[in-house]
Amino acid sequence: MRSERYNSREAEAKWQKKWAELETFRTDNNDPRPKYYVLEMFPYPSGRIHMGHVRNYAMGDVVARYKRARGFNVLHPMGWDAFGMPAENAAMQNKSHPAKWTYENIATMRGQLKSMGLSLDWSREIATCDPSYYKHQQRLFLDFLQAGLVTRKKSKVNWDPVDLTVLANEQVIDGRGWRSGALIEQRELTQWFLKITDFAEDLSASLATLDRWPEKVRLMQRNWIGRSEGLRVRFKLAPNNTADATTIEVYTTRPDTLFGAKFIALAPDHPISLAAGAKDPEIAAFIEECRRMGTSVAALETAEKKGMDTGLRVQHPFDPDWQIPVYIANFVLMDYGTGAIFGCPAHDQRDLDFAHLKGLGVTPVVCPAGQDPATFQIDRTAYDGDGLLINSRFLDGLTPEAAQDEVARRLEAVMIDGAAQGARQVNFKLRDWGISRQRYWGCPIPIIHCEVCGTTPVPIKDLPVTLPEDVTFDRPGNPLEHHPTWKHVACPSCGKAARRETDTMDTFVDSSWYYARFTDPAITDAPTSAAANHWLPVDQYIGGIEHAILHLLYSRFFARAMQMTGHLAVKEPFAGLFTQGMVVHETYRASDGSWRSPGEIRIEGTTEGRRAFALTDGAPVSIGPIEKMSKSKRNTVDPDEIIGAYGADTARWFMLSDSPPDRDVIWSEEGVQGAARYVQQIWRLVSELTELSAGATGFSDDVPAPALEIRKIVHSHLLRVQDHIERLRFNTAIADIRKMTNALSASIASITDPAEITPDLRAAYAEALDMLIQMFAPMMPHLAEECWADTGHTGLVAEAGWPVADAQLAAQDTITLPVQVNGKKRAELVIDSDAPNGQIEAEALKLDVVARELNGRTPKKVIIVPKRIVNVVV
RNA sequence: GGCCCCUUGGCGAAACUGGUAAACGCAGUCGACUUAAAAUCGACCGCCUCUGGCUUGCGGGUUCGAGUCCCGCAGGGGCCA
């Protein structure tokens, strides 16, 4: 006996158990069907899943279940991005251990994800903090080292003197450490780097091949890599200079503006600056002042421009008698280009500001079209557009592009001290990836420092280098450094007492290759097997836009490095990328300014007059803007509570239905209730269709109108839903499913006499019933299984495949064409869909309204767009 | 400051390559059922001077035809500075 209302709680638990028992979603690497790899960005085990996860994984699951139904061997794994600072912070606060905290969170979150009914192959679950994972990461590090993709060099870092740790730029807020609040110092530390710049050219160029990535993400990566073509130019120091050097080398992307040069600017830590500082205490003080400003590029740009004359002068490359002053400037970066620039104030805003500051003069050398070269002046705004060269001797009249070429050509031919004065160079903004972190909860870098042998790799047979478990977090700094014994080891090469590297790897390393590990997660002797080449690239990767640059770029680098070291055959890990929008919610604030959670308030009134009150004391609460769900603003909704109250299917359906997937979705109680109502509506419709289709046998040779109508509705909607899912337009797929159920309900309601139910109609309802269940199964899998079983099927709908749409049935016999007169719609014409244009024109002109509009005039022309529109032009 | 994106009813939105603007839903109004409520069902639901006219942030352009393409402006967002 079937219950009136669908009980999601019972049904969801039942089907999740069934899928687990039958291992429905376990994927066999040797399955002969075509492969499809769906991956959602794996979560950080922060404690509990949030609505953003629900949205991300609901989308991925629709794709996975849909592709499985379409006959693909689908890989859809899940794991944990499990290393990182929050575990250490929690350990400090709770006097616990990061591993305990992390694994407890994983257990909780695994349970939560399972309650969503995701079609995941849990047998492939990995956690990056597990030695069985990071062992292979250490192996990759050693192979990269051998291949020359790892370096160790001094680098400036943000140093927190209280926490005794290095901070990332985004952890420095207003010059202070985000945790300690201490003033951050710039320190030079020896750090490990992965040489991502070796692949800069390819990482930039190959973006063009990623045609299933959002254009926005490709653009962001392109800008980040920052490829530019320019010229290295060596300026000779004027003969009477006191410097030890004889030339200053600059990098410029605008060699065409060389005749507009007014100064040379050096980075404060340029060797020539330092040498000048050594001789002149005033210069030394200025360099020290620049250092205190911070390293972030944004900080440099917004800071007031400052410079100091070194007293040095260089000769213009094309005129030895023309001397140019050399400044040390706070806006020049040592690690971009050569750490020195020449300034052309007329055509670069920064240079112009500096020239005004120092009174260096401005000479325009590029004149825009339509301006008179004799009078063209630059005042407060530099001109960086196109035009023709002026005031530039032999370059006059050339375009900037031609002038750049000419300057390069001439300077390449001039030799100074055995080297060309000018050399063309491609430059990148991209820097090598510093992976050293002075933290405990990360992957140990498998290196031993020996006083005799130097930095020595840990032999592969000794991997993994595991983290010691007995660590304490009661004092600042790196617990690995404090550990009494861990770092003391024998040198693997000479056997003498040596010291382990105590830096661990940036957690971005962990997530740069997990997609490859999922393809064969159990192998113990290598990071990857041939399975990786079978499965990769990932066909559809889904995650947040916040990873548009770093994670995706690092992963692209890793695939290339793994290819170079024989661990992978592909260089692009993600063929298709989709970036989903956030889950946002209204915010609520009490009169004292503190935030209130949605569970602590009640809302009165509708639309305009909505007001909120605290549940506890009825005090008014102001309704604030809709913002990203966050703990700090307390506008979060707990997925557990939603799933408990409404069921996973309702939560999934609402997440997918309300907004396009790449836009933000507003979580609202009304919206969820609408989805819950729809679940019950389907339940009733399925019950009615089951009754009407009882005893259905099959279609006759000539299906009569009412039954044919049902078939047309179902097949045409199936085609559209398919198309929408393929293009990840889940919101419109859902709209079409709802439309189809509306049409089926209307059809059932129109039956007044049981005699109308012919065998053909019975068969049509039977077909509609099965197809409907199969169509919503990817979104609401539990409800689908319950309905499928309830309508007499023995197997799982998850195994049932995808229904086949009959395009002929879906096609329309007659169509309604709008008829316009002079572009304004005046009438509609119902006509056979295959009617020839001549007939369409004749019938359109015969329409009363059209005849009235024409008022006896003959149409100039009649435009007929097949199956679209008729436009009569008078 | 530069580059990119967005702007459609009260709200979320739909409209694939230029071709009936507002599908599907949320909220709302009215009605049916009910002692009542919930649930459910039915009707309505952009604006106006309403047999017609207008409407996709604002102004212009291209076109037989513009939400869609082009130019300018305004507002919002993102990335890089």
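Reminder, nothing fancy here: chain letters follow the sequence lines and each chain counts from 1. These figures come from a predicted structure and were not determined experimentally.
Counting to the nearest Å, the P atom of B:rA23 and the CD1 atom of A:Ile737 are 19 Å from each other. Going from atom CD1 of A:Ile863 over to atom P of B:rG65 covers 8 Å, rounded to whole Å. Atom CG of A:Leu553 is separated from atom C1' of B:rC80 by 15 Å (rounded to the nearest Å). Protein atom CH2 of A:Trp224 is 22 Å distant from nucleotide atom P of B:rG2, rounded to whole Å. Distance CZ (A:Arg720) to P (B:rC24): 10 Å, rounded to an integer number of Å. As a whole-Å value, the separation of A:Lys739 NZ from B:rG25 C1' is 13 Å. The nearest whole Å value for the distance from the NE2 atom in A:His347 to the P atom in B:rG2 is 17 Å. Going from atom NE2 of A:His547 over to atom P of B:rG78 covers 17 Å, rounded to whole Å.
Distance check on atom C1': B:rG28 versus B:rG72 gives 40 Å, rounded to whole Å.
With a cut-off of 3.5 Å on both pairing distances, B:rA14 has no Watson-Crick or G-U wobble partner at all. Checking B:rU62 for Watson-Crick or G-U wobble geometry (two distances, each under 3.5 Å) identifies no partner in any strand. When both distances must be under 3.5 Å, the Watson-Crick or G-U wobble mate of B:rU40 is B:rA32. In this entry B:rA22 has no Watson-Crick or G-U wobble partner, no candidate having both defining distances under 3.5 Å. Remark: B:rC47 base-pairs with B:rG53. Criterion, Watson-Crick or G-U wobble with two distances under 3.5 Å. In a base pair of the Watson-Crick type (N1 to N3 plus N6-O4 or O6-N4) or a G-U wobble (N1-O2 and O6-N3), with each distance short of 3.5 Å, B:rA81 is matched with no nucleotide.
Across all strands shown, A:Gly671 has no heavy atoms under 4.0 Å from either base or sugar-phosphate atoms. Counting non-hydrogen atoms under 4.0 angstrom, A:Glu828 reaches a base of the nucleic acid. Among the heavy atoms of the strands, none lies under 4.0 Å from A:Lys860. The residue A:Asp736 sits apart from the nucleic acid: no heavy atom pair falls under 4.0 Å. Counting non-hydrogen atoms under 4.0 angstrom, A:Thr816 reaches a base of the nucleic acid. The residue A:Leu817 sits apart from the nucleic acid: no heavy atom pair falls under 4.0 Å.
For the ring-ring contact (aromatic ring centres under 6.0 Å, His included) with A:Trp653, the lone residue among A:Tyr678, A:Phe776, A:Tyr646 that qualifies is A:Tyr678. For the side chain to side chain contact (heavy atoms under 4.5 Å, CB included) criterion with A:Met51, the lone passing option out of A:Asn56, A:Val584, A:Val637 is A:Val637.
Of the possible donor and acceptor atoms, one in the side chain of A:Thr257 sits under 3.5 Å from a partner among the backbone N and O of A:Arg254. Between the A:Arg652 side chain and the A:Pro778 main chain, a donor and an acceptor come within less than 3.5 Å of each other. Of the possible polar contacts, none joining the A:Tyr765 side chain to the A:Thr690 backbone as a donor-acceptor pair under 3.5 Å is found. Not one N or O on the side chain of A:Thr197 forms a donor-acceptor pair closer than 3.5 Å with the backbone of A:Ala200.
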Restricting both atoms to N or O, compile the protein contacts to nucleotides 13-18 of chain B shorter than 3.5 Å, with distance only.
unit_1 : atom_1 : unit_2   : atom_2 : d
B:rA14 : OP1    : A:Arg729 : NH2    : 3.0
B:rA14 : OP1    : A:Asn731 : ND2    : 3.2
B:rC16 : N4     : A:Arg868 : NH2    : 2.3
B:rU17 : O4     : A:Arg868 : NH2    : 3.3

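At a cut-off of 3.5 angstrom, counting only N and O atoms as typed in the model, there is a donor on one side and an acceptor on the other between the side-chain of A:Asn871 and the base of B:rC64.
At B:rC79, none of the side-chain N or O atoms of A:Arg218 fall inside 4.0 Å of OP1 or OP2 (strictly under the cut-off). Applying the 4.0 Å criterion to OP1 and OP2 of B:rC26, one finds that A:Arg677 has a side-chain N or O inside that range.
In this structure, the ring of A:Phe654 has its center less than 6.0 angstrom from the ring center of A:Trp667.
For the salt bridge (Lys or Arg N to Asp or Glu O under 4.0 Å) test, no residue two or more places apart in sequence or in another chain qualifies with A:Arg738.
Which of B:rU40, B:rG25, B:rG12 sits closest to the side chain of A:Arg738 comes down to B:rG25.
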